[in-house]
Amino acid sequence: MSDEAPIPAAPTDEEVAVDHAVDRLAERFPQVPRDRIADLVHRRHLDYTGAPVRDFIPVLIEHDVKRELAAEVTPLA
């Protein structure tokens, strides 16, 4: 038995791209708390669980969340 903590897995390319989407949305909507944007993005990401084609999921997520936020507030850019 080892006392060492398990090493966390490296994030996938998709996870990195989703995190970058949070960054871009937070920059575009600075009046929205970053935690809320991250929550919206990660909830939307769950909607794509089991999707067979994963290549465009981060783009779709960002588009969906941007549309949702734009309906609520005026974007900076």
### Query
Which distance, rounded to the nearest 0.5 Å, do you find between the CZ of Arg54 and the OH of Tyr48?
10.0 Å

#### Entry: Under the side chain to side chain contact (heavy atoms under 4.5 Å, CB included) test, residues paired with Ala38 that sit two or more places apart
Val22, His42

### Message
Applying a strict under-4.5 Å side-chain criterion to I, L, V, M, F, W and Y, I'd like to know whether Val59 and Val18 cluster together.
### Response
no

#### Entry: Derivation of the salt bridge (Lys or Arg N to Asp or Glu O under 4.0 Å) call for Arg67 and Glu62
CA-CA 8 Å; Arg67 188 171 12 148; Glu62 185 172 355; over 6 Å; no

#### Entry: Side-chain heavy-atom pair Glu72, Phe29 within 4.5 angstrom cut-off
no

#### Entry: Approximate separation, where rounding is to 0.5 Å, of Leu60 CG and Asp47 CG
11.5 Å

### Summary
Rounded to the nearest 0.5 angstrom, the CD1-NE2 distance for Ile61 and His63 is 12.5 Å

### Query
Measuring from Ile57:CD1 to His45:NE2, what's the distance to the nearest 0.5 Å?
6.0 Å

### Query
Any donor and acceptor pair, going by atom type alone, linking the side chain of Glu15 with main-chain N or O of Thr12 inside 3.5 Å?
yes

### Query
Less than 4.0 Å between a side-chain N and a carboxylate O, is that true for Asp39 and Arg43?
yes

### Task
Please answer: with hydrophobic residues joined when any side-chain heavy atoms are less than 4.5 Å apart, are Val16 and Val65 in the same cluster?
no

### Message
Between Pro58 and His20, is there a side-chain heavy-atom distance shorter than 4.5 Å?
### Response
no

### Task
Using a cut-off of 6.0 Å, state whether more than 12 heavy atoms not belonging to Asp64 lie near its atom CG.
yes

#### Entry: Closest non-hydrogen atom pair between Arg34 and Ala26, with its separation
NH1-CB, 3.3 Å

### Message
For a 4.5 angstrom cut-off between non-hydrogen side-chain atoms, does Leu40 reach Leu69?
### Response
yes

### Query
Is it true that Arg44 and Glu68 have a side-chain N and a carboxylate O under 4.0 angstrom from each other?
yes

